Every structure is written in C-alpha cells, then in structure tokens.
Amino acid sequence: MKRFLAGMMLIAATPVFADGKATIASNDSQQDMQMEIQWAGDKMRMDFPGQQQHGYMLMRDGKGYMVTQQGGQPLIMDMSMLREMSDSMDDNTGAMAGQAETVETLEATGETETVAGIEGEVYRLEWTDRGGQAHEDTLVLSDAPLAHEMLTAFQNYVQAVMGRADPIGQAVLERDLGMLRFGERFKVAEIAKASPAESAFELPENAMTMDQMIREQMGEGAQ
C-alpha cells in the first residue's frame with residue numbers, strides 16, 4: 001500500500017469543481033489492490049474494497065484525513081499532522097524517498113493506448129525522486145474531462161497531505177491532461193460521471209482523534 005500511495009502522491013493539486021467516481025487498479029509490490037475514488041466539488045473520498053483494515057481517506061474543507069478503527073472506535077487522523085511529524089524527522093527514506101523531486105523529460109511517444117474505454121496518448125517520463133534515484137516510466141495521458149477531474153480531485157488530497165506541489169503533476173496539468181496509467185503503479189479500471197451522496201464526505205461522529213489517542217497512550221505509559 002505504501003508503494004501505491006507514494007506513486008499516487010507524485011502529482012500536484014489544483015481546484016476541482018465536478019463530480020464523478022473511479023476505480024483504480026494498483027500493482028503493489030506485495031499484492032494487487034483496488035481503490036475507489038468519489039469526488040464532488042472540493043470533496044473527495046478514497047476507499048479500499050476488500051481491505052477495510054486500511055479505512056478510508058477523506059478530503060474536505062481543505063484538509064486531508066485518514067479514517068480507520070482503533071479498538072472498535074472510529075479514529076480520525078489529520079494527515080497534515082503526520083506530514084509535520086515526518087518533516088521534523090527529515091524523512092527521505094521509504095515511501096517519502098519515492099516522491100518526485102524533479103522531472104527531466106515528459107514527451108509523447110506518438111503511440112496511443114485505451115484505458116477504461118478512453119483513448120490516451122503514451123508519454124515517456126524521466127524523473128528523479130527525493131532520494132536521488134533516477135526513474136523512467138510510461139504514462140497514459142488524456143484530455144478527457146473525467147480523467148482530468150479525477151486526477152485533480154486526488155491531488156487536492158495530496159496537496160493537503162504533503163503541503164507541496166509535485167513536479168510530475170505540474171508537468172501533466174500544465175498540458176491540461178489527466179492520467180489514466182502511471183507505469184505499473186496504477187491504472188484506471190473504471191471511470192464515470194456521478195453525484196455521490198453528501199454523507200460519503202462526512203467525518204464519523206464520536207470518533208477519536210490522533211491527538212487523543214497519543215495522549216491516552218502516553219497516560220497509560222506513565223502509569
């Protein structure tokens with residue numbers, strides 16, 4: 001899952017004002033997995049079917065959250081808090097090291113590929129991650145509105161979580177394109193225009209926050 005999320009975090013955010021849903025297939029280093037995305041206006045939700053232990057991710061009011069369970073009680077984690085903790089440790093290892101630092105090349109190959117019923121153009125991408133490792137990938141990009149909306153919706157969450165624009169996303173969005181496939185990291189399986197229920201974007205009631213959980217654990221440790 002870390003590799004998948006790191007791959008999805010290789011893109012920057014811009015505002016989004018449309019509604020839709022999509023299913024993303026990921027070829028994770030450990031196992032294949034799927035993610036379902038719903039977006040409406042500036043809100044977005046990501047679920048992991050078949051892997052409820054991961055909870056779900058939520059974007060609303062300009063903030064990114066992870067909602068999961070802790071001892072049978074809903075737990076809300078403010079992802080910006082996790083980012084600050086990581087920044088304080090200057091963590092450029094693991095999943096953080098896999099994020100893009102620079103883009104050297106993003107150019108069309110002249111080939112086309114159909115993904116989720118949408119014809120896109122194949123691009124060659126050369127980039128360097130935060131750990132200094134060079135990469136080369138193939139992307140399938142499209143100017144289809146749904147593809148652009150989905151990418152932008154996800155990147156609103158990424159921007160809120162990471163607090164920084166990503167050079168790959170900038171390069172893609174500057175071309176007014178969306179992304180249908182990123183190498184072997186992820187691929188759009190289904191995408192459609194839809195209007196999700198407003199309740200899908202609500203934070204659970206009577207939930208514990210990460211601050212509360214840390215305080216409780218510290219209190220137990222002091223006893």
Side-chain angles (χ1 to χ4, degrees), residues 1-16 18 20 22-29 33 35 37 39 42 44 46 57 59 64 79-80 82-83 86-87 91-113 115-116 118-189 191:
M1 181 181 175
K2 287 183 179 179
R3 179 171 177 262
F4 172 55
L5 293 177
M8 291 296 283
M9 287 181 177
L10 295 173
I11 314 156
T14 57
V16 59
T23 300
I24 308 296
S26 166
N27 181 14
D28 190 85
S29 58
M33 63 182 295
M35 182 173 73
I37 306 176
W39 65 92
D42 60 354
M44 189 213 60
M46 294 176 282
M57 297 179 181
M59 168 75 183
M79 299 303 287
S80 64
L82 292 180
R83 182 193 76 225
S86 177
D87 288 347
D91 184 9
N92 279 328
T93 63
M96 289 296 182
Q99 296 174 44
E101 187 68 24
T102 60
V103 170
E104 282 67 52
T105 303
L106 179 61
E107 58 183 13
T109 65
E111 299 177 356
T112 61
E113 182 178 326
V115 179
I118 299 174
E119 184 176 83
E121 289 189 78
V122 179
Y123 279 71
R124 183 174 68 88
L125 170 70
E126 294 181 354
W127 57 283
T128 303
D129 64 30
R130 292 175 65 177
Q133 181 72 34
H135 302 263
E136 182 171 342
D137 284 290
T138 57
L139 310 183
V140 178
L141 308 180
S142 171
D143 61 0
L146 273 174
H148 189 276
E149 291 163 11
M150 181 203 68
L151 172 63
T152 307
F154 186 88
Q155 298 326 309
N156 276 328
Y157 181 85
V158 173
Q159 179 72 23
V161 170
M162 302 308 298
R164 67 191 293 264
D166 187 278
I168 294 178
Q170 288 179 320
V172 173
L173 294 174
E174 283 171 2
R175 290 165 169 77
D176 293 324
L177 299 173
M179 188 178 296
L180 299 173
R181 179 172 68 81
F182 189 127
E184 299 300 320
R185 297 168 184 264
F186 70 85
K187 182 178 182 179
V188 178
I191 187 168

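Just so you know, these numbers come straight off a predicted model, no measurement behind them.
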> List the atom of Ala160, the atom of Gly64, and the distance in Å for their closest heavy-atom pair.
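So the two residues come closest at CB-N, 3.8 Å.
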> Provide the closest heavy-atom pair for Ala153 versus Met44 in the form atom of the first, atom of the second, distance.
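The pair with the smallest heavy-atom distance is O-SD, 3.4 Å.
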> Which atom pairs, donor and acceptor, lie under 3.5 Å between side-chain atoms of residues 172-180 and protein residues at least two apart or in another chain?
from, atom 1, to, atom 2, distance (Å)
Arg175, NH1, Ala171, O, 2.7
Arg175, NH2, Leu106, O, 3.2

> With a 4.5 Å heavy-atom cut-off, do Thr138 and Arg181 have their side chains touching?
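Result yes, sub-4.5 Å side-chain heavy-atom pair found.
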> Is the closest side-chain donor-acceptor distance between Ser142 and Glu121 under 3.5 Å?
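There is no such pair between these side chains.
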> So Val188 and Thr23, do their side chains get closer than 4.5 Å, heavy atoms only?
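The answer is no; the side chains never approach within 4.5 Å.
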> Taking the side chain as every heavy atom from C-beta outward, state whether Val103 and Glu126 have any pair of such atoms under 4.5 Å apart.
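In short, these two side chains do not touch, never coming nearer than 4.5 Å.
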> Kindly determine whether Glu184 and Asp137 satisfy side chain to side chain contact (heavy atoms under 4.5 Å, CB included), including the steps that lead there.
CA-CA 8 Å; Glu184 299 300 320; Asp137 284 290; over 6 Å; no
> Once rounded to the nearest 0.5 Å, what's the spacing between atom CE of Met59 and atom CE of Met57?
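CE of Met57 is found 13.5 Å from CE of Met59.
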> Does a side-chain heavy-atom distance below 4.5 Å link Thr128 with Glu104?
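Yes. Closest side-chain heavy atoms under 4.5 Å.
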> How far apart are the closest heavy atoms of Ala116 and Ile191, and which atoms are they?
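Closest heavy-atom pair between Ala116 and Ile191: CB-CG2, 4.3 Å.
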> Does the plane of the ring in His135 sit parallel, tilted or perpendicular to the ring in Trp127? Use 30° and 60° as the thresholds.
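Rings of His135 and Trp127: parallel, as their planes differ by under 30°.
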> Do Val115 and Lys187 come within less than 4.5 Å of each other through their side chains, counting heavy atoms only?
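Sidechains of Lys187 and Val115: in contact.
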> Once rounded to the nearest 0.5 Å, what's the spacing between atom CZ of Phe182 and atom CG of Leu151?
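Spacing of CZ (Phe182) from CG (Leu151) equals 11.0 Å.
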> Can you check whether Arg124's main-chain N or O pairs, donor with acceptor, with Thr109's side chain at less than 3.5 Å?
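Absent.
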> Please check this pair: side chain of Thr105 against backbone of Leu125, looking for a donor-acceptor N/O pair closer than 3.5 Å.
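No, the answer is negative, given that no donor and acceptor are paired below the 3.5 Å cut-off.
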